[in-house]
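Remarks on the structure that follows.
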Amino acid sequence: MNTTVGSANYSYVTARVRSRRAALFDENDYRKLIRMGPGEIARFMEESEYETEMNALGSRYDGVDLIEYALNENLAKHFDDLLRFADGQLNEYIASYLRKFDAWNIKTIIRGVYTDSETQEIQDDLIRAGEFSDAMLDRLVESTSIDSVVEQLSKTLYGPALADAYEVYEETGVLVALENAVDRAFYSDMLGGFPREPSEGTAMYVQLLRAEIDFRNVRNALRLARSGAEIDPSEYFIPDGRLFDADQLRQLTQNPDQLTEYLRESTYGRDLSGALDELESADGLIDFERALEQALLEYADTMTNRFPLSICPVIAYIRAKEREVDNIRAIARGKQAGLSTDEIEEELVIV
Amino acid sequence: MIELQLTLAYISSIVMQAAEGAANQPMLTKEGAAAIGFGLSAIGAGMAERSIGSAAVGAIAEDDDMFVSGLILTVIPETIVIFGLVVVFII
């Protein structure tokens with residue numbers, strides 16, 4: 001593989017990223033964490049990767065809040081690091097992938113405004129790793145109506161899609177349309193920007209993105225199927241995936257048993273056999289989603305091993321890091337709420 | 001890539017000079033050919049070390065313990081230069 005495409009420094013970035021990927025918490029660490037109380041978790045984190053953030057924020061917050069702030073801060077720091085390391089085309093890929101946090105932030109803000117949450121509460125849930133500036137996010141958080149959020153975003157790539165969805169929202173009063181619009185705008189912008197016959201590096205990036213879209217489609221379809229709501233799955237459908245078109249997805253939703261079979265025979269089948277076995281034995285929706293998440297992480301890891309000098313290790317790291325933060329948060333919050341060890345374990349996705 | 005082009009230009013200039021010289025003399029002396037071989041092997045090693053070196057620096061930046069293995073891996077392509085040098089000695 002050519003490693004000197006443009007000025008992209010694949011070898012440097014992948015070396016750093018793989019080292020960080022290896023330093024993430026492993027199964028043993030989680031096993032220890034699950035047995036700890038919130039105070040002990042905080043102490044454990046002070047002696048780990050999160051030391052700087054825990055110490056910096058320690059004077060202002062305590063308990064589970066401290067853990068949560070430290071996690072978010074650390075996540076943002078690492079993702080900013082990635083942008084700092086990478087040059088050329090690789091930098092563009094990473095920046096475009098990190099825009100997913102913009103989409104996340106928009107959704108969080110819309111939900112927050114919809115439920116009239118406190119400004120501070122919304123702010124806590126934002127992940128400041130995307131492209132939007134802090135000032136812009138702060139302005140968005142302070143909006144009093146969804147109308148003004150949509151208005152403020154009109155100049156961004158989410159503008160047109162949100163404006164259309166806002167009309168639907170006004171008719172139905174359901175947020176789904178808006179959230180979908182954000183997702184769709186995000187993915188179509190990412191995939192739309194690439195040439196028809198992409199270079200090797202771009203092709204790999206597109207492949208990973210399409211896998212992500214496929215899995216998201218499956219998850220949405222399953223949620224709909226289990227909820228039993230009479231909503232057309234194609235309304236949730238994100239185009240450009242490689243596995244399904246809207247019709248196929250609708251059929252599979254009605255028959256969830258066929259879904260694993262379909263996945264097994266698809267292009268992902270060989271990479272995902274382990275995760276699919278788990279998927280088959282999963283009975284609840286939570287189990288199923290967890291297995292899907294795990295399958296997606298595993299897919300990125302498989303791609304990493306197959307193409308060591310490419311965008312794959314970076315994406316695998318971003319996803320794994322996100323998962324780690326989610327896991328620790330789940331443990332800390334679960335402990336705070338007094339959940340049992342087994343219940344918390346069910347929430348974790350460990351790869 | 002520019003080094004390679006320069007080398008080629010250099011070779012072709014030598015060849016041309018040789019062609020202008022006496023007709024029964026070889027285009028390139030033995031020593032000259034060995035020198036070109038040696039130079040090319042050094043360029044090859046440089047190209048190989050480029051990405052190994054940047055990966056090694058990345059790994060060392062994350063973890064100081066990687067210094068020794070990083071250094072060793074970085075200089076492994078130097079063996080190519082040694083092979084090139086061997087040619088110089090055996091002609």
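Here the structure is a predicted model, which means the values were calculated and not measured.
Here Phe83(B) pairs with nothing under the ring-ring contact (aromatic ring centres under 6.0 Å, His included) rule; sequence neighbours left out. Partners of Val88(B) according to the side chain to side chain contact (heavy atoms under 4.5 Å, CB included) rule, which considers only residues two or more places apart in sequence or in another chain, are Ala34(B), Phe38(B). With sequence neighbours left out, Glu49(B) forms a side chain to side chain donor-acceptor pair (under 3.5 Å) with no residue at all.
Against chain A, the residues from residues 58-70 of chain B that qualify, each with a non-hydrogen atom under 4.5 angstrom away, are Gly58(B), Ala59(B), Ala61(B), Glu62(B) in number order.
The number of heavy atoms from other shown groups lying within 6.0 Å of CG (Asp62(A)) does not exceed 12.
Rounding to the nearest 0.5 Å gives a distance of 7.0 Å between CG of Leu309(A) and OG of Ser51(B).
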